[in-house]
Amino acid sequence: QNTGQSGGVKGLDLNVLAAWEMGYSGVGITTGIMDDGIDYLHEDLKYNYNADASYDFSSNDPYPYPRYTDSWFNSHGTRCAGEVSAARDNGICGVGVAFGSKVAGLRMLDQPFMTDLIEANAMGHMPNVIDIYSASWGPTDDGKTVDGPRNLTMRAIVNGVNNFTLTSSSWEVDITSYANGREK
């Protein structure tokens, strides 16, 4: 709950207290963060990190750690992961909306080129383990560029929609925002 701590605007909240009070904390759910990596050693994330479901599509290895720059440019994925499942009651940063959930790092940005195949492989990575895929990235916000999924990525999205399972214990929904760039 935002009480104005750390210079924040009091009352500017995500309004999740009622859900938490009803027992919803994300336990049993894994969100795949498709981005520039996750700092899985961060105190807010290390206990909620699902290493088995993570992969680095930029380096082709199971360690999706961000390649930080001097300006911390490659920290977007870590920030997104924190919004989802940062630990609660540890006195560090904030708390994730689903603090009981796990996050998987799917590093696929921060490379000299992006291909349809890389996007599709990330979007279809371990669908039996990853419940939610978060893709909060897109083209440069220059006011002129419009982009969207290409053939293989669109097929991965359609496959996820057509083949998702809804049971009492698990469900998968792909929500993709291709209009969400990272610049002001």
Novice: For residues Met126 and Leu152: do they belong to one hydrophobic cluster (side chain heavy atoms under 4.5 Å, members Ile, Leu, Val, Met, Phe, Trp, Tyr)?
Specialist: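 Unlinked, Met126 and Leu152 end up in two clusters.
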Novice: Starting at CD1 of Ile157, measure out to CD of Glu119 and round the result to the nearest 0.5 Å.
Specialist: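 It comes to 8.5 Å.
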Novice: For residues Met114 and Met108, report the shortest heavy-atom separation together with the two atoms involved.
Specialist: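 Of all heavy-atom pairs spanning Met114 and Met108, the closest is CE-O, 2.7 Å.
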Novice: Can you give me the closest heavy-atom contact between Ile38 and Ala81, atom names plus distance?
Specialist: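 Here Ile38 and Ala81 meet closest at CD1-CB, 3.8 Å.
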Novice: Do you know which two heavy atoms are closest between Ser101 and Val84, and how far apart they sit?
Specialist: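 Residues Ser101 and Val84, closest heavy atoms: OG-CG1, 3.9 Å.
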Novice: Please find the pair of heavy atoms, one from Tyr63 and one from Tyr40, that lie closest to each other, and give the distance.
Specialist: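 Where Tyr63 meets Tyr40 most closely, the heavy atoms are CB-OH, 3.5 Å.
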Novice: Strictly by modelled atom types, are Thr153 and Asp116 linked by a side-chain donor-acceptor pair under 3.5 Å?
Specialist: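 Result is yes, a qualifying pair exists.
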Novice: To the nearest 0.5 Å, what is the distance between OG1 on Thr78 and CG on Leu41?
Specialist: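 Answer rounded to 0.5 Å: 10.0 Å.
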Novice: Hey, what do you get for CD1 (Ile118) to CG (Leu106), rounding to the nearest 0.5 Å?
Specialist: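 The distance works out to 13.0 Å.
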Novice: Using modelled atom types only, decide if a donor and an acceptor are shared between the side chain of Lys102 and the backbone of Gly26 within a distance under 3.5 Å.
Specialist: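 It does not hold such a pair.
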Novice: Could you go step by step and tell me if His125 and Phe57 meet the ring-ring contact (aromatic ring centres under 6.0 Å, His included) rule?
Specialist: CA-CA 10 Å; His125 182 71; Phe57 291 92; 5.5 Å; yes
Novice: Does either side chain, that of Asp35 or that of His76, offer a donor lying less than 3.5 Å from an acceptor on the other one?
Specialist: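 Yes - a donor-acceptor pair under 3.5 Å links their side chains.
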Novice: Quick one: do Asp131 and Thr31 satisfy side-chain contact (heavy atoms from CB on, under 4.5 Å)? Show the steps, please.
Specialist: CA-CA 6 Å; Asp131 302 290; Thr31 300; over 6 Å; no
Novice: Roughly how far apart are Ile92 CD1 and Leu45 CG, rounded to 0.5 Å?
Specialist: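 Spacing of CD1 (Ile92) from CG (Leu45) equals 10.0 Å.
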Novice: Could you please spell out the steps behind the side-chain contact (heavy atoms from CB on, under 4.5 Å) verdict for Val103 and Thr30?
Specialist: CA-CA 5 Å; Val103 288; Thr30 294; over 6 Å; no
Novice: Working note: Phe99 + Ser85, criterion side-chain contact (heavy atoms from CB on, under 4.5 Å); need CA distance, chi angles, decisive distance, verdict.
Specialist: CA-CA 4 Å; Phe99 57 84; Ser85 70; 6.0 Å; no
Novice: Are Leu109 and Phe113 connected in the hydrophobic side-chain network, where two residues link if heavy atoms are under 4.5 Å apart?
Specialist: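 Same cluster.
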Novice: With rounding to the nearest 0.5 Å, note down the distance linking CG in Asn121 to CG in Asn60.
Specialist: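 Rounded to the nearest 0.5 Å, the CG-CG separation comes out at 9.5 Å.
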Novice: Walk me through whether Tyr24 and Val16 qualify under side-chain contact (heavy atoms from CB on, under 4.5 Å).
Specialist: CA-CA 9 Å; Tyr24 297 106; Val16 295; over 6 Å; no
Novice: Short question: side chain of Trp20, backbone of Val97 - any donor-acceptor pair under 3.5 Å?
Specialist: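 Checking the backbone N and O of Val97 against the side chain of Trp20, a donor-acceptor pair under 3.5 Å is found.
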Novice: Enter the distance from Arg79:CZ to Cys93:SG here, rounded to the nearest 0.5 Å.
Specialist: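 Rounded to the nearest 0.5 Å, the CZ-SG separation comes to 10.0 Å.
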Novice: Going by heavy atoms in the side chains, are Asn50 and Val129 under 4.5 Å from each other?
Specialist: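 They are in side-chain contact.
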Novice: For residues Arg155 and Asn159, is any side-chain donor paired with an opposing acceptor at under 3.5 Å?
Specialist: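 Short answer, no.
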Novice: Any donor-acceptor pair under 3.5 Å linking the side-chain atoms of Ser54 with those of Tyr49?
Specialist: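 Checked: Tyr49/Ser54 side chains pair up, N/O donor to acceptor below 3.5 Å.
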Novice: Has the side chain of Asp36 got a donor or acceptor atom that lies under 3.5 Å from a matching backbone atom of Asp110?
Specialist: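 Side chain of Asp36 to backbone of Asp110: no pair is present.
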Novice: Between Pro64 and Arg107, what is the shortest heavy-atom contact and its length?
Specialist: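 Of all heavy-atom pairs spanning Pro64 and Arg107, the closest is CB-CB, 3.7 Å.
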Novice: So, for Ser59 and Asp56, which heavy atoms are closest and what is the spacing to 0.1 Å?
Specialist: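 Shortest heavy-atom separation between Ser59 and Asp56 comes out as N-OD1, 2.8 Å.
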